[in-house]
There are 2 protein chains.
Amino acid sequence: MNEPKNMQKVIERVLKRITPSKKEVENVESLCKKIMEVAKSFENKYNFIPMFCGSVAKGTWIPPAEIDLFLIFPENLSREELEKRGLEAGKKICKKLKAKFEKKYTEHAYLHCFVPWKGKLYEMDIVPCYHITPDKIKSAVDRTPWHVKYVVQHLKEEQKNDVRLLKKFCKAHGIYGADILHKGFSGYLCELLIIKFGSFEKLVKEASNWYPQVLLYIEKLPEKNIIEQFKESPLVFIDPVDEKRNVAAALSFESFFKFVKACKEFLKNPSEKFFFPKEKSFSVQKLREILRKRDSKFYILMFPSLDVHEDILASQLRKLAKFMKRKLTNYGFSIHKTEYFILKDKFGILIEAEVWKLPKVMKRIGPEIMSKHAKEFLKHYASKKAWIEDGFWVIEDEREFQTIEEFIKKMFSGSCKKLKEKGIPSYIAKQGKKLMLYTGDSELIKLACGNEEFRKWLTKYFEENFNIFSIL
Amino acid sequence: MNEPKNMQKVIERVLKRITPSKKEVENVESLCKKIMEVAKSFENKYNFIPMFCGSVAKGTWIPPAEIDLFLIFPENLSREELEKRGLEAGKKICKKLKAKFEKKYTEHAYLHCFVPWKGKLYEMDIVPCYHITPDKIKSAVDRTPWHVKYVVQHLKEEQKNDVRLLKKFCKAHGIYGADILHKGFSGYLCELLIIKFGSFEKLVKEASNWYPQVLLYIEKLPEKNIIEQFKESPLVFIDPVDEKRNVAAALSFESFFKFVKACKEFLKNPSEKFFFPKEKSFSVQKLREILRKRDSKFYILMFPSLDVHEDILASQLRKLAKFMKRKLTNYGFSIHKTEYFILKDKFGILIEAEVWKLPKVMKRIGPEIMSKHAKEFLKHYASKKAWIEDGFWVIEDEREFQTIEEFIKKMFSGSCKKLKEKGIPSYIAKQGKKLMLYTGDSELIKLACGNEEFRKWLTKYFEENFNIFSIL
């Protein structure tokens with residue numbers, strides 16, 4: 001078994017590519033010193049404590065550095081006051097740093113800034129939060145300073161590179177980030193995993209044998225009734241800072257299995273491609289062949305982009321995909337799969353259908369023969385042909401939509417308000433009039449030919465998930 | 001309201017056409033006398049009591065008369081002995097009457113005979129049964145002599161024509177007979193209905209307001225726990241000869257509603273066509289138009305006839321229709337309706353499909369994510385693409401049958417034994433190799449053009465049941 005040696009070599013090569021250079025570290029450190037100076041100059045006026053959070057504070061960043069500056073306010077402030085003061089202080093800080101900024105929102109408002117420093121632009125978030133213990137937190141970000149403190153105390157100097165490796169490894173597999181788009185591993189979870197298992201290599205060895213549900217903790221195992229609450233999660237990592245929280249709560253089964261599978265394969269055959277994957281893009285021939293083999297029917301609903309946070313858009317597209325599937329199924333069509341995509345200037349969903357055309361004649365299954373609702377049913381459909389099937393009343397009716405296309409067109413007709421009333425999520429309803437509908441193999445191929453980004457996504461649609469669950 | 005007058009006229013005209021002439025009655029009476037003479041000559045040798053049953057015995061027959069001769073044996077005889085002696089005696093009787101006969105079976109063997117009398121051939125059944133009280137009967141026919149006695153005692157002379165009217169009325173609507181094919185009104189039930197309500201006219205008025213469940217009795221209402229057993233029946237008529245029996249047990253909901261609907265309409269607008277309906281037959285244009293409007297797909301599975309009792313064939317065809325529907329549904333196809341038909345020299349089923357072609361790619365829904373069977377499932381489909389949908393494991397597989405036609409051809413390939421093993425009923429399996437499969441609109445039209453009997457059946461398929469349940 002020369003595998004560890006081999007792995008060591010790969011790891012060394014990867015680290016060379018992802019560790020910040022001495023020069024870069026110095027630059028970021030001097031920038032941070034400057035930022036802290038500026039922040040402290042407003043400390044008294046606004047009554048906050050400035051603190052660096054995120055990977056820079058924890059020394060686990062991969063270039064380019066992104067700086068998180070937290071402004072920690074007293075807990076007796078109202079939410080409104082917190083936001084107001086936080087943003088005001090933030091703006092003052094930006095002004096002094098000659099930084100450009102924009103207001104953004106997750107749970108509450110924060111500033112996203114671009115700070116000029118030594119000929120470069122550094123991204124920075126200025127986030128107001130409360131000074132409060134983790135068991136009493138008022139907003140999600142109040143816990144962050146405690147996480148930073150925990151990691152700074154427990155992550156050894158030599159483990160910082162292991163965290164970098166793990167983050168890059170996750171990113172390469174599309175499972176980095178606890179957001180809706182990735183449903184993956186957060187930075188904090190990566191750090192805890194290294195603290196728990198000691199190194200990237202040890203973690204990989206451990207994780208290659210994981211199967212849901214995995215329960216991890218550092219300080220002490222919490223009580224059964226707390227663990228019970230996490231029974232839907234493939235991985236439970238008890239937050240050492242708040243035992244009522246699962247750090248891996250956002251992790252999906254897909255991401256979990258992708259990770260385990262990747263660990264298994266990396267262990268067997270270590271290589272840099274696990275950190276720097278090539279994005280595949282099927283040729284037109286290959287796509288054509290796949291489509292012919294499947295013999296299903298594709299519908300692409302595409303809309304031009306609009307100004308909305310990716311996380312919100314992703315969540316709305318996911319809802320739309322589910323909504324369309326449910327509706328189409330109710331109308332008697334059969335859906336193989338729905339998926340959503342977000343490209344640079346477009347977004348939308350794909351519907352792969354098993355049944356997309358139906359006869360005009362249709363059957364409605366009514367109540368059981370002897371049900372008390374039978375009379376009502378028969379009365380209501382008195383003009384229709386009726387019979388009994390397997391003990392139920394059945395009537396023959398005309399179908400509203402004979403094809404999926406008819407349904408989609410009807411669904412997206414009308415004003416934005418109408419679309420929202422029908423159940424289409426708000427941002428998509430806003431773009432409803434700009435729907436571009438592509439259907440069938442040749443239109444799909446044409447679309448993939450004209451848009452490399454879409455073609456890559458489509459390649460993933462056909463390839464992704466392949467085998468990721470076969471980890472046994 | 002001149003409706004009763006009108007009805008009376010119609011009834012008179014109908015009775016003229018269905019009441020046997022004086023001459024005919026005399027002929028049948030003299031024949032019966034002769035038969036009884038012959039039967040009695042074997043009474044002592046075989047130890048039975050001969051008795052006429054059926055409509056001739058009750059004086060409610062419609063020409064041509066069919067005679068039922070029951071040979072009533074002592075109850076201590078074994079079933080085997082009963083059959084043996086009954087058939088032997090029957091054959092002797094036939095010989096003396098110069099009648100041709102054939103052995104037939106329902107619950108047990110009996111003789112079906114053709115008796116020559118005054119230049120005509122009369123049909124007669126010779127049925128052996130036990131001399132036993134109705135609460136202890138050993139075979140279904142043991143009750144018949146009691147029914148005859150009851151009707152003879154309770155049906156008034158002037159009500160016999162009402163029974164004839166009712167029988168003809170039911171026949172005209174395809175709901176006469178308690179067999180599997182008709183699931184309708186038995187002769188005995190018709191007689192009891194007239195005894196109960198007094199006349200055909202009174203019954204029609206009563207029945208036009210029926211809605212399931214209708215409970216009827218003559219002597220006395222039986223206990224609740226007995227009625228409880230009949231809760232699946234649209235009509236319960238407690239047998240005055242055996243209160244544990246529902247005389248209308250064989251009546252289907254379809255037949256019940258057809259009857260009610262017919263009564264309602266006859267009351268509203270009396271006419272002879274309620275007794276002498278014309279069999280409809282759609283023109284080719286009309287059929288073409290219907291098919292185009294439905295836009296569904298038809299499959300006709302047709303086999304050449306073989307020598308089997310219609311009741312048994314009907315029951316097997318019904319089973320086949322259900323079986324095919326279930327199987328096709330399991331394979332992802334969608335069936336609008338299946339129906340069977342029995343023609344003079346052919347029989348088979350019709351399948352009307354909503355979905356008859358599917359993609360090659362298919363989805364298999366597996367266990368819930370956290371189920372203990374999940375590991376097994378993932379292992380089994382390790383080579384397949386997999387994902388999670390609504391909390392369930394899903395894998396992508398290749399479909400075995402892409403079209404209904406492929407499935408039918410596979411289902412009917414192989415020896416008769418193989419077909420039976422697959423679940424195809426025995427008589428149909430026997431003809432399996434002779435399957436003729438017609439599919440699609442043009443083949444259906446061609447078939448209907450070449451076979452008037454089939455065309456009439458098809459016309460019924462499209463028309464029948466129409467409105468029969470809208471009786472409110």
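Each chain gets a letter, A, B and so on, in the order the sequences are listed, and its residues count up from 1.
A cation-pi arrangement is present between B:Lys375 and A:Tyr211, with the terminal nitrogen or guanidinium carbon under 6.0 Å from the aromatic centre and inside a 45° cone about the axis. The side-chain tip of A:Lys337 points at the ring of A:Tyr461 from less than 6.0 angstrom away and within 45° of straight on. Note that A:Lys286 lies in the cation-pi zone of A:Phe282, set by a 6.0 Å cut-off to the ring centre and a 45° limit from the axis.
Only the side chain of A:Lys325 has a heavy atom closer than 4.5 Å to any heavy atom of chain B. Neither the backbone nor the side chain of A:Thr338 comes within contact range of chain B; no heavy atoms are under 4.5 Å apart. Only the backbone of A:Glu232 comes within less than 4.5 Å of a heavy atom in chain B; its side chain stays farther off. Using a 4.5 Å cut-off between heavy atoms, B:Ile335 touches chain A through its backbone atoms (N, CA, C, O) alone.
Ranked by heavy-atom pairs under 4.5 Å with chain B, the list A:Lys231, A:Glu398, A:Glu389, A:Lys297 is led by A:Glu389. Of the listed residues (A:Gln402, A:Glu354, A:His336, A:Met370), the one with the most heavy-atom contacts under 4.5 Å to chain B is A:His336. With respect to chain B, the highest number of heavy-atom pairs below 4.5 Å among A:Leu358, A:Val394, A:Val355, A:Ile388 belongs to A:Ile388. Ranked by heavy-atom pairs under 4.5 Å with chain B, the first of A:Lys363, A:Lys360, A:Lys322 is A:Lys363.
B:Tyr340 is not listed as a side-chain neighbour of B:Leu320, based on a closest heavy-atom distance of 4.5 Å or more.
Between B:Trp393 and B:Phe377, the gap from one ring centroid to the other reaches at least 6.0 Å.
When atom types are taken as modelled, the side chain of A:Asn246 and the backbone of A:Leu235 share a donor-acceptor pair closer than 3.5 angstrom.
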